[in-house]
Amino acid sequence: MTSSASAPASPAPATAAAPTRERLLDAAATLFYREGVNIGIEALCRAAGVSKRSMYQLFTSKDDVLAASLDRAGSRYLSQLLPAPEADLPPRDRILHVLDRLESLSASPEYLGCPFLATAFELKNPERPASVVARRYKDTLTDFFREEARRGGAHDPDLLARQLTVVFDGSSGRAVTQAGSLGGLAMATATVLLDAAGVS
């Protein structure tokens, strides 16, 4: 099930030919993920090859840039984690696919953790626009787990979905703090939960 790892939410390098908004969001996604949300406007505009005036014509604030870039990168990150809609897999395997992908991503030296968690932790304010975006994507992942748990006959799909989200988040954090591969820990933990919940 494991495929080659790649860094999450890595946008294509900004080029002069790309529209200004796309260059700005791609550069923002890269810088915020690698350097943190406190990166300055000047550094961001320089990396994107756009003027501050151009940025403020597109966005009212740095908060708006951060939220939009996380939204843009977030869909890419989730697409790396979730099985393809057409994949003919039973619910248990669809759930384990996500943890397997996390295992693969964590093995990459470019992996710096879940971008949604990283953003929310740094902002420390659930009302900031990017925090709202981060929460929406985390809810999307939990919803995926819940639906697959329901389809798989879990005793309590809602509880299992929240437990699997905790496993995902904890595993993502561990991969960063330990600066290395998870070594199967996420998959093993999820398997125990699935067995206990009756998802065969």
Side-chain angles (χ1 to χ4, degrees), residues 1-10 32-34 36-37 70-71 73-85 87-124 126 130-200:
M1 205 185 295
T2 303
S3 57
S4 60
S6 61
S10 295
F32 290 140
Y33 186 66
R34 293 178 183 169
V37 300
L70 184 63
D71 197 16
S75 61
R76 293 171 179 166
Y77 183 51
L78 275 191
S79 70
Q80 290 183 299
L81 294 170
L82 300 180
D88 186 19
L89 297 172
R92 181 185 176 100
D93 287 350
R94 288 176 63 80
I95 290 171
L96 289 176
H97 175 92
V98 175
L99 282 305
D100 182 62
R101 289 297 300 137
L102 177 61
E103 295 267 4
S104 296
L105 290 170
S106 73
S108 168
E110 295 183 3
Y111 185 72
L112 302 175
C114 171
F116 313 124
L117 289 180
T119 300
F121 285 158
E122 284 197 78
L123 291 177
K124 297 179 176 60
S131 294
V132 174
V133 171
R135 188 161 56 251
R136 172 164 50 83
Y137 275 105
K138 296 308 297 187
D139 288 345
T140 297
L141 182 60
T142 302
D143 290 344
F144 169 84
F145 286 144
R146 182 183 298 106
E147 176 58 19
E148 297 305 327
R150 184 195 64 76
R151 291 179 58 239
H155 307 314
D156 187 340
D158 186 62
L159 174 61
L160 178 58
R162 288 182 285 125
Q163 289 172 326
L164 290 168
T165 303
V166 169
V167 171
F168 183 95
D169 291 348
S171 298
S172 177
R174 179 178 174 80
V176 176
T177 57
Q178 298 299 318
S181 170
L182 290 166
L185 183 61
M187 287 284 284
T189 306
T191 298
V192 170
L193 289 173
L194 289 168
D195 289 345
V199 180
S200 59

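All values derive from a computational prediction rather than experimental measurement.
Side-chain atoms of S172 come within 3.5 Å of backbone atoms of C114 as a donor-acceptor pair (strictly under, hydrogens ignored). Side chain of E148 to backbone of P90: no donor-acceptor contact under 3.5 angstrom is found. Using a distance-only test at 3.5 Å, with no hydrogens or angles considered, a donor-acceptor pair links the side chain of R92 to the main chain of V199. In this structure, R94 contributes its side chain and L89 its backbone to no donor-acceptor pair below 3.5 Å. Although no hydrogens or angles enter the test, the distance criterion places no donor-acceptor pair under 3.5 Å between the side chain of Q163 and the main chain of L193. Looking at T119, its side chain does come within 3.5 Å of a backbone N or O of P115 through a donor-acceptor pair. Using a distance-only test at 3.5 Å, with no hydrogens or angles considered, no donor-acceptor pair links the side chain of S108 to the main chain of S104.
Counting all heavy atoms, side chain and backbone alike, E103 lies closest to G183 at OE1-N, 3.5 Å. Contact between S106 and Y111 at its shortest, heavy atoms only, is CA-CD2, 3.7 Å. The minimum heavy-atom distance linking H97 with L81 is given by the pair CD2-O, 3.0 Å. In terms of heavy atoms, L102 sits closest to S171 at CD2-CB, 3.8 Å. A pairwise comparison of heavy atoms in L160 and A149 identifies CD2-CB, 3.7 Å as the closest pair.
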Q: Kindly indicate, with the supporting measurements, whether the criterion side chain to side chain contact (heavy atoms under 4.5 Å, CB included) is fulfilled by L99 and T189.
A: CA-CA 10 Å; L99 282 305; T189 306; over 6 Å; no
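Expressed to the nearest 0.5 Å, how far CG of D100 lies from CG of L182 amounts to 11.0 Å. Note that OG of S131 and NZ of K138 are 13.5 Å apart. Values are rounded to the nearest 0.5 Å.
Between D71 and R136 the shortest side-chain heavy-atom distance falls below 4.5 Å. A heavy-atom distance below 4.5 Å is not found between the side chains of Y137 and Y77. Side-chain contact between V98 and L164 is absent, with no heavy atoms from C-beta onward closer than 4.5 Å. Counting only heavy atoms from C-beta outward, the side chains of L141 and L82 approach each other to under 4.5 Å.
Using a cutoff of 4.0 Å between basic side-chain nitrogens and carboxylate oxygens, R162 and D158 are scored as salt-bridged. For the pair D143 and R146, the salt-bridge criterion is met [side-chain N within less than 4.0 Å of a carboxylate O].
When the shell of 6.0 Å around CZ of R174 is examined, it contains 12 or fewer heavy atoms from other residues, nucleotides or ligands.
Ring to ring, F145 and F168 are not that close: their centroids are 6.0 angstrom or more apart.
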